[in-house]
Amino acid sequence: MNLDGLNKEQKEAVLHKDGPLLILAGAGSGKTRVLTMKVAYLIEQGVDPSNILAITFTNKAAKEMKERIYGLVGRTAFDCQISTFHSFGLKILKENYNLLGYDKNFTILDSDDTLSLIKKIMKDMNIDIKQINPKYVRNSISGAKNQLLSPEEYEQFISAESEKIVCKIFKRYRDALIKNNSVDFDDLLILPIKLFNEYPNILKIYQEKYKYILIDEYQDTNEAQYILTKKISAKYKNICVVGDNDQSVYSFRGANYKNILNFEKDYKDAKTIMLEQNYRSTKTILNAANSVIKNNEFRKDKNLWSDNEDGEKITYYRAYDEKHEGSYIISEIKKLLDAGYKEKEIAIIYRTNAQSRVLEEEFLKSRLPYKIVGSFFFYNRKEIKDLISYLKVIYNEKDDVNLSRIINVPKRGIGDKTINNLVTYANIEGISIYEAIETGKELEFKKIIEELKVDSENCTLTDLIDKILDKSGIRKELESEKSLEADIRLENLEEFKSITKNFEEREGLVSLEDFLNEISLVSDIEEHKNNPDKITLMTMHSVKGLEFDVVFVVGMEESIFPHANSSFDKQDLEEERRLCYVAITRAKKKLYLVNAKRRMLFGRDSINPPSRFIEEIDSCYIEETENNKMPKKIDKESMLNDGEVTYNIGELVIQDSYGEGIVIGEDDKFVTIAFNYPHGTKKFIKNHKSIRRV
DNA sequence: CCATAATTCTTTTTT
DNA sequence: AGAATTATGG
């Protein structure tokens with residue numbers, strides 16, 4: 001194998017074959033390259049590809065790694081197990097479902113399904129969902145599960161009244177999942193661990209199977225993921241993990257960057273290699289990223305450097321509003337394309353998914369090719385969810401959650417009362433809703449599902465979709481409605497067939513089981529399509545691990561980024577800053593930071609000051625323009641209005657640094673203004689020019 | 001049981 | 001602003 005393109009440390013990492021290895025790899029230091037070459041090297045050294053397990057966090061990363069290994073070793077790459085933690089967990093469950101009390105055709109509940117199950121349980125228990133938010137319950141349960149706590153163990157740790165209630169719901173929730181023959185996302189990690197604990201001989205099989213384990217983004221692993229791989233690698237200890245503490249951005253999911261520190265404790269003879277040279281970005285971009293991240297207090301300083309040229313300065317643009325933000329980006333992209341940049345080398349990244357909406361509108365107008373990665377937009381539509389529920393029920397009739405969703409879709413005259421009767425009966429008998437159906441209109445529904453079950457055995461997926469639409473009456477209902485909205489729904493359902501068709505062609509598979517697994521774990525429509533040259537729109541979280549020539553980071557405003565919910569707590573804020581570090585370091589050649597003076601949020605016009613992260617970047621890296629004048633240092637005289645200014649208590653005003661606020665107090669010299677969280681109340685010189693009436 | 005009106009969320013981030 | 005949930009009346 002040719003290692004010429006690698007530096008000393010990279011070579012060392014690739015050539016380390018046996019024993020634990022920790023690679024601390026800064027952004028853009030070539031870690032993916034090292035990982036892929038390492039796999040190729042192992043194969044070259046005679047390791048059976050089927051003994052290699054490589055784990056990534058996102059499906060995109062897994063896909064990319066597969067392609068790159070394929071590029072190095074050819075078809076034998078397919079014999080390696082390269083997947084996300086969750087799909088790896090699913091694979092183990094599929095191989096051992098019976099030992100865990102499940103039927104073969106168990107299904108995965110997504111976070112919406114999980115939420116409706118919790119709501120149902122709470123209703124059953126007469127818990128007011130206004131008193132305790134079901135989402136809080138869901139998150140608490142998920143948190144406990146990821147700490148590998150059973151409801152009984154969780155009980156030992158809690159004291160608050162609300163947590164005790166959560167615990168009771170947790171118990172019912174756990175039982176309900178088994179009864180529904182369903183698992184949630186967390187189960188994909190913790191059930192395999194349970195399996196290994198209860199059946200050591202099975203653990204042994206997996207230890208022999210996966211003699212070499214590589215894990216990417218190790219700083220993002222949570223307790224469950226940590227334990228899972230620790231168990232499997234316990235025998236041979238050929239475990240190689242790659243991580244960067246500065247890029248740890250999943251603590252909300254229980255990720256614990258301390259796992260990196262634990263690694264050296266767990267494996268006393270672990271070798272550690274640091275990759276500190278950045279090959280990706282210009283000096284300007286890297287320096288900007290470093291000047292932001294150095295503001296984090298809880299951080300081990302490191303020395304990431306670059307030999308690349310200085311490159312262009314960063315462009316900071318302050319748009320008038322969110323639409324202008326979009327149109328500005330479009331106009332810049334047009335210039336970039338004229339200058340020879342390729343669409344697929346341009347990315348727009350934002351903090352929240354909701355921001356993609358306005359951007360998409362502007363892109364549609366511009367007719368530039370774009371793709372929104374991770375857009376729930378399609379899968380979140382009612383008609384698509386209904387269709388998927390049909391598929392899940394056809395495959396797993398015990399799935400009460402999805403069955404309840406569609407038993408009256410389209411309208412069949414089955415209302416709350418009928419369903420409640422069914423549920424009560426099913427509970428008494430200890431059977432599923434499906435089994436409980438014996439009479440009435442619901443029996444017709446059952447017959448439809450029975451027929452479709454047969455169809456699912458006999459025809460292709462795409463044909464099955466057609467049969468569902470016909471036999472359920474969904475198509476008929478939408479066609480007879482003759483509204484634009486109904487037409488769009490039909491179109492979306494037709495579009496869904498292109499996803500199944502693509503799946504069938506790509507995988508050569510037509511099984512409902514495989515398709516359901518795929519859409520449960522890859523809930524991103526773009527992953528199902530072939531993607532030619534397009535401009536990429538995605539969140540900062542999903543962009544991790546990728547790189548582009550040109551990156552636009554948009555919505556650089558306080559309370560969007562850093563997000564309002566994360567700007568108060570110091571730890572949260574530091575995570576936001578790491579996220580900013582991730583965002584900036586995606587850019588290879590040119591970085592744009594964009595924000596809007598005002599923006600519609602929750603249907604209200606809100607005004608937020610520029611993100612603090614912009615100010616943290618040394619201004620020498622940012623191009624000076626008319627538009628982006630940094631917080632001006634003008635002498636006090638010129639900042640005061642001539643003459644007297646008076647305000648009324650309760651009046652809405654805008655202040656340049658803190659945005660919208662309400663006047664809550666006034667005397668002859670000062671005015672007191674209450675601003676939105678997290679700014680609080682501030683006192684100003686009354687006729688200061690930074691304050692304006694709305 | 002269902003259509004319409006009124007009201008109340010929603011936007012962190014992912015598998 | 002738009003979606004989702006709940007109330008109301010037929």
Side-chain angles (χ1 to χ4, degrees), chain A residues 55-62 83-90 108-116 119 129-130 133-135 139 142 145-146 183-190 217 220-222 224-225 248-255 322 349-358 361 373-377 379-382 385 408 410-420 440-441 485 517-524 527 538-545 555 559-569 572-573 575-576 578-580 582-583 599-606:
Chain A
I55 292 184
T56 62
F57 264 77
T58 62
N59 298 292
K60 250 188 307 298
S83 54
T84 63
F85 267 109
H86 289 84
S87 39
F88 177 60
L90 176 61
I108 302 167
L109 295 187
D110 65 27
S111 18
D112 286 338
D113 297 337
T114 300
L115 190 62
S116 45
K119 280 183 188 164
I129 60 169
K130 298 231 163 71
N133 188 339
K135 279 191 181 167
N139 295 342
S142 174
K145 289 181 86 163
N146 277 302
V183 298
D184 63 15
F185 281 130
D186 303 323
D187 285 335
L188 296 174
L189 305 172
I190 66 177
E217 309 279 9
D220 287 330
T221 49
N222 63 27
Q225 292 160 331
S248 155
V249 293
Y250 279 102
S251 70
F252 69 92
R253 212 174 60 186
E322 74 276 18
I349 58 190
Y350 36 80
R351 178 64 176 81
T352 66
N353 284 299
Q355 288 167 258
S356 69
R357 200 169 182 144
V358 185
E361 281 168 23
V373 176
S375 144
F376 311 103
F377 168 71
Y379 280 117
N380 242 0
R381 289 174 177 276
K382 184 187 174 300
K385 282 185 169 178
N408 198 32
K411 302 259 176 328
R412 303 189 172 88
I414 304 173
D416 285 349
K417 202 163 178 192
T418 315
I419 295 175
N420 280 337
K441 305 222 175 76
E485 205 198 330
N517 289 340
E518 161 133 345
I519 56 172
S520 297
L521 293 177
V522 188
S523 60
D524 181 355
E527 296 283 334
M538 67 199 314
T539 64
M540 298 173 177
H541 282 85
S542 31
V543 82
K544 192 138 78 81
S559 87
I560 290 183
F561 188 43
H563 194 276
N565 298 352
S566 300
S567 10
F568 186 66
D569 181 271
D572 289 345
L573 184 62
E575 179 147 316
E576 294 286 302
R578 290 193 291 272
L579 199 50
C580 184
V582 169
R599 176 187 303 270
M600 278 288 232
L601 287 173
F602 298 106
R604 305 180 119 280
D605 220 0
S606 35

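Below, chains carry the letters A, B, ... as their sequence lines are ordered, and counting in each starts from 1.
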Can you check whether A/Ile108's main-chain N or O pairs, donor with acceptor, with A/Asp184's side chain at less than 3.5 Å? no

Hey, is the main chain of A/Val358 close enough, under 3.5 Å, to the side chain of A/Glu322 for a donor-acceptor pair? no

Carefully, step by step, assess A/Leu579 and A/Phe561 under the rule side-chain contact (heavy atoms from CB on, under 4.5 Å). CA-CA 9 Å; A/Leu579 199 50; A/Phe561 188 43; 4.2 Å; yes

B/dT15 pyrimidine/purine six-ring stacking with A/His86, under 5.5 Å and 30°: no

[X]: what forms a salt bridge (Lys or Arg N to Asp or Glu O under 4.0 Å) with it, not counting sequence neighbours?
X        : answer
A/Asp572 : none
A/Lys382 : A/Asp386
A/Asp113 : A/Lys392

For [N], does OP1 or OP2 lie under 4.0 Å from any side-chain N or O of [X]?
X        : N      : value
A/Ser566 : B/dT12 : no
A/His563 : B/dT12 : yes
A/Thr539 : B/dT12 : no

As a test of reading the structure: which of [options] is closest to the side chain of [X], going by heavy atoms?
X        : options                : value
A/Phe602 : B/dT13, B/dT15, B/dT10 : B/dT10
A/Asn59  : B/dT11, B/dT15, B/dT13 : B/dT15
A/Met600 : C/dA1, B/dT12, B/dT14  : C/dA1

[X] has an atom [atom1]; how far is it from atom [atom2] of [N], in whole Å?
X        : N      : atom1 : atom2 : answer
A/Leu573 : B/dT13 : CG    : C1'   : 15 Å
A/Phe185 : B/dT14 : CZ    : P     : 12 Å
A/Glu217 : B/dT13 : CD    : P     : 19 Å
A/Leu579 : B/dT12 : CG    : C1'   : 10 Å
A/Ile108 : B/dT14 : CD1   : P     : 18 Å
A/Leu601 : B/dT11 : CG    : P     : 13 Å
A/Ile519 : B/dT15 : CD1   : P     : 15 Å
A/Asn353 : B/dT11 : CG    : C1'   : 9 Å

Any chance NZ of A/Lys385 has more than 12 other-residue heavy atoms, nucleotides or ligands included, within less than 6.0 Å?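 Result for NZ/A/Lys385: enclosed.
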
Heavy-atom count check: over 12 atoms from other residues, nucleotides or ligands less than 6.0 Å from A/Asn420 CG? yes

Separation between the [atom1] atoms of [N] and [M], rounded to whole Å:
N      : M      : atom1 : value
B/dT14 : C/dA3  : C1'   : 22 Å
B/dT11 : C/dT6  : C1'   : 23 Å
C/dA4  : B/dT13 : P     : 16 Å

How is [X] classified with respect to the nucleic acid when contacts are heavy atoms under 4.0 Å: base, sugar-phosphate, or nothing?
X        : answer
A/Phe85  : nothing
A/Lys135 : sugar-phosphate
A/Asp110 : nothing

Once each nucleotide of nucleotides 1-6 of chain B is scored for protein heavy atoms under 4.0 Å, what B/S/- sequence comes out, 5' to 3'? SSS---

Between A/Asp605 and A/Arg599, is the closest basic N to carboxylate O distance under 4.0 Å?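 Between A/Asp605 and A/Arg599 there is no salt bridge, as every charged N stays at least 4.0 Å from the carboxylate O atoms.
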
Any Lys/Arg nitrogen of A/Asp220 or A/Arg253 sitting under 4.0 Å from an Asp/Glu carboxylate oxygen of the other?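 Between A/Arg253 and A/Asp220 there is no salt bridge, as every charged N stays at least 4.0 Å from the carboxylate O atoms.
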
Dump the pairs, protein N or O against N or O of nucleotides 2-10 of chain C, anything under 3.5 Å, distances to one decimal.
none

Any residue meeting side-chain hydrogen bond (donor to acceptor under 3.5 Å, both in side chains) with A/Thr539, in chain and number order, not counting sequence neighbours: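 side-chain hydrogen bond (donor to acceptor under 3.5 Å, both in side chains) list for A/Thr539, sorted by chain: A/Ser542.
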
